[in-house]
Number of protein chains: 2
Amino acid sequence: MPIVGVEEIRKQQLIDAALASIAELGLQKTTIMTISQRAGMSSGIISHYFGGKQGLIEAALRHLLDKLGRAFLEKIQQTDGSPAARILCIIEANFTEFQRSELAARTWLSFWARSMHEPGLKRLQQINNARLCSNLRYAFAQSMSRDKAQDAARQTAAMIDGFWLRSALSSDPDENFAAGESLCKTFALSLLTH
Amino acid sequence: MPIVGVEEIRKQQLIDAALASIAELGLQKTTIMTISQRAGMSSGIISHYFGGKQGLIEAALRHLLDKLGRAFLEKIQQTDGSPAARILCIIEANFTEFQRSELAARTWLSFWARSMHEPGLKRLQQINNARLCSNLRYAFAQSMSRDKAQDAARQTAAMIDGFWLRSALSSDPDENFAAGESLCKTFALSLLTH
DNA sequence: ATTTTTATTGATTGAACGTTCAATTAAGGA
DNA sequence: TCCTTAATTGAACGTTCAATCAATAAAAAT
C-alpha cells in the first residue's frame, strides 16, 4: 500500500499514536507494538522513520514543546504589552494546552522523570524551562526590581509546575487544573500590586 | 553464611541499596541485579524477602514516606502551636528531608511518575499528599475563613511540589532547594498577614 | 506491459530481565 | 559429632522487547 510522499504524514501519525500510548499506559509500558498498533502500522515502521524507539519519543516531546510555545505566542499577540496581561498569558498558555488533551499532564510527568537520566530529553526540558522563567522574569521586572522579579518568577513557575504535577497525580485532574489556573493567576497578580 | 535473626537488617540493607540505585540510575534502569550488587547479595534474595522486585520498590517508597512523616512530627514538637510556626514546620520538613540525601528529589520524581500507572504506589502517594494538604489547611484555617484556607493550602502545597520538581530537574539542585525553602516560607507568611 | 523506485511488512534474532528452586553453607541444638 | 534448620546462592527458564532485514506490494517511470 505504498503511496509516495507520505513521510511527514506518517511521522505525525506515529507521534500522535506515541502520545496516546504514553498517556494511557505510561512511558514504561509503551512499546513499539503499543505505538504501531495504535497507528495501524507495523512495528518496523518506527525504526524506519525515527531510527528507533528513542528517536520517536524525543520527537513526541519536541512536538509537545512546540505546541506549548505556539500557544503562548498566539495568546500574547491578542493583548496589550502590560505586565499583568503578559503574565496572565503565560499562565493561560501553560494551562490551556493541557485542557485540550486530558491526559497530557501524565505525559509531561513521564517525560520529566525520564529526562533525569537521558540527556536528549533533559536538553529539551531545560530549554522549555528557561523560556518559561525568562518570560515571567521579564514581565515582573517591569513593575519591580530585578531581584524581586527573579524571586517572583521562580515562585510563579514553581506554582505552575506544582499544579501540573498535582493534576497528573490527582484522581480528578480537571478540577485540579481549573483551580490551578485560577490560583496561579490570583497569586501572580497579587505580586504585581504589592 | 547464614546468621539467624537477620531478616530486618537484610530488608533495610536492600531498601537502602534500592534507593541508591534509583537515585543513580532511575527507576527504569534499576534492576534486581543493580540492587543486589549494591547490597552485596545475590539476585534471589529480593524475591525471598519482598516477594519480588515490585514489593521492594513499594517498601522503599513507604520508607521514604515514613521518614518524611517523622521529620514533621519532630519539628512540630519543638515549637508553639501558632499557625505561622506550624506552617514553617511543614515547609521545613518537606525541604530538609531532601538535603539529607542529595538525590532524593530524583527518587521522589521517579516514584511519582510510576505511581500514575501502578495502584500500589498511587495509594501511598495519595496518603502522603492528603496529609500535607490537611496539615496546611488546618494551620491556615486558624487565621482566615475555610474557603481562603483551602486556597492558601493548595497554593502552598503546589509551590512546595513545584520546587521539589524543579530541584529534581535542575542542574543545580542544592541552590534550587535553598531558594525553594526560603521562597515558600515568605509566600506562606504573606498569606497569613494579608 | 515491464521495470524501477518507494513504502511497508512482520517473522526472526539476540539481549535483558524477573522469577524460581534445587543446591549449598553454616549456625544452633541434641 | 551429627542432625536440623534458617539463610543464601546463582544457574536455568520463560517472557518481553527493540532492532533488523529479506520479502512484498503498489505507485511511478519507461
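Note that the structure is predicted; figures quoted are calculated from it, not measured.
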Residue B/Met41, side-chain atoms from C-beta onward, closest of D/dT9, C/dT19, D/dA19
D/dT9
Tell me, do B/Arg166 and A/Asn129 make a side-chain contact under 4.5 Å, heavy atoms counted?
yes
Is the count of non-hydrogen atoms from other residues, nucleotides or ligands lying under 6.0 Å from B/Asp172 atom CG greater than 12?
yes
Rounding to a whole Å, what distance do you find between B/Ile46:CD1 and D/dT8:P?
13 Å
Quick one: label B/Thr31 by what it contacts on the DNA or RNA (base, sugar-phosphate, nothing), any heavy atom closer than 4.0 Å.
sugar-phosphate
How about A/Asp66: does its CG atom have over 12 heavy atoms from other parts shown lying under 6.0 Å from it?
yes
Side chain of B/Ser42 (C-beta onward), nearest among C/dA7, D/dG10, D/dA19:
D/dG10
Please report, rounded to the nearest Å, how far the P atom of C/dC17 is from the NZ atom of A/Lys29.
17 Å
How close do A/Ile87 and A/Ala188 get, heavy atom to heavy atom, and via which atoms?
CG2-CB, 3.6 Å
How many Å lie between CD on A/Gln37 and P on C/dG10, as a whole number?
11 Å
Does one side chain, of B/Asp147 or B/Ser145, offer a donor that lies under 3.5 Å from an acceptor on the other?
no
Options D/dT8, C/dT8, C/dG18, nucleotide nearest the side-chain atoms of A/Val6:
C/dT8
Contact class for B/Ile32 vs. all strands (heavy atom < 4.0 Å): base, sugar-phosphate, or nothing?
base
Length of the CZ-C1' vector between A/Arg10 and C/dA7, whole Å:
8 Å
Can you tell me how far C1' of D/dA25 sits from CD1 of A/Ile45, to the nearest Å?
13 Å
Under 4.0 angstrom, heavy atoms only, what part of the nucleic acid is A/Ser43 near: base, sugar-phosphate, or nothing?
base
Under 4.0 Å, heavy atoms only, any strand: does A/Thr30 hit a base, just the sugar-phosphate, or nothing?
sugar-phosphate
Measuring centre to centre across the rings, with the benzene-like ring taken for any Trp, is A/Trp164 within less than 6.0 Å of A/Trp112?
yes
Rounded to whole Å, OH of B/Tyr49 lies from P of D/dA6 at a distance of 12 Å
Can you find a heavy atom in the side chain of B/His117 that is under 4.5 Å from one in the side chain of A/Gln28?
no
Taking atom P of D/dA19 as reference, at what distance in whole Å does atom CD of A/Gln54 sit?
9 Å
Give me the residues of residues 12-23 of chain A where at least one heavy atom lies under 4.0 Å from an atom of DNA chain C, by number, or none.
none
Spacing between A/Gln28 atom CD and C/dA16 atom C1', to the nearest angstrom
14 Å
With heavy atoms under 4.0 Å as the rule, sort B/Gly44 into base, sugar-phosphate or nothing.
base
NA contact type, A/Phe50, heavy-atom cut-off 4.0 Å: base, sugar-phosphate, or nothing?
nothing
